Amino acid sequence: MALVNWLLLVSGLLVASTGLYLYGTYPFLALPTPWGPWPLYLLLPGAFLLGLGVGGLYALGLAWAGRRERAAAWRRVRALEREVAELKKARIEEIPRIPDRDLEA
């Protein structure tokens with residue numbers, strides 16, 4: 001996890017420094033959009049943040065699905081434990097005992 005944090009920090013700093021470089025060197029670069037020209041030094045970090053947001057939502061979705069699966073597995077385990085407890089109460093034996101014989105024989 002530490003590696004992921006470092007990679008996120010380095011890539012974020014790289015994108016921010018590239019945006020600052022574009023702002024300082026080429027502030028006139030803009031991409032035409034239906035809403036007017038958008039400066040490239042804002043679009044690059046914006047696209048990066050949008051990607052981080054989508055990735056974060058994906059990670060949250062995976063975590064939520066994992067929690068659901070874990071809860072379902074625990075429900076199955078508890079049901080099996082209840083079933084074993086009921087079988088123990090019923091004292092079901094695999095080998096029937098013969099009443100007139102000793103248990104150690």
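Position 1 is the first residue of the sequence; numbering continues from there. What you see is a predicted model, and the numbers here were worked out from it, not measured in a lab.
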### Query
Would you say Phe48 and Leu20 are hydrophobically clustered, going by side-chain heavy atoms of ILVMFWY under 4.5 Å?
no
### Cluster link Leu9 to Met1, ILVMFWY, side chain under 4.5 Å
no
### Message
Tell me the closest heavy-atom pair linking Tyr23 and Pro27, and the distance in Å.
### Response
O-CB, 3.4 Å
### Query
Are the side chains of Tyr26 and Tyr41 in touch, meaning some heavy atoms are under 4.5 Å apart?
no
Let me have the donor-acceptor pairs involving side chains of residues 56-78, under 3.5 Å, with sequence neighbours excluded, atom names and distances please.
none

### Summary
To the nearest 0.5 Å, atom CG of Leu50 lies from atom CG of Leu43 at 11.0 Å
#### Entry: Validation row: Leu49, Val15 side chains within 4.5 angstrom (heavy atoms)
no
### Task
Find out if a path of hydrophobic residues (ILVMFWY) with successive side-chain heavy-atom gaps under 4.5 Å connects Trp38 to Leu29.
yes
### Task
Indicate if Phe28 and Leu22 have the same hydrophobic cluster label, given that clusters are the connected sets of ILVMFWY residues with side-chain heavy-atom separations under 4.5 angstrom.
yes
### Query
Say you draw a straight line from CG of Leu31 to CG of Leu42; how long is it, rounded to the nearest 0.5 Å?
11.0 Å
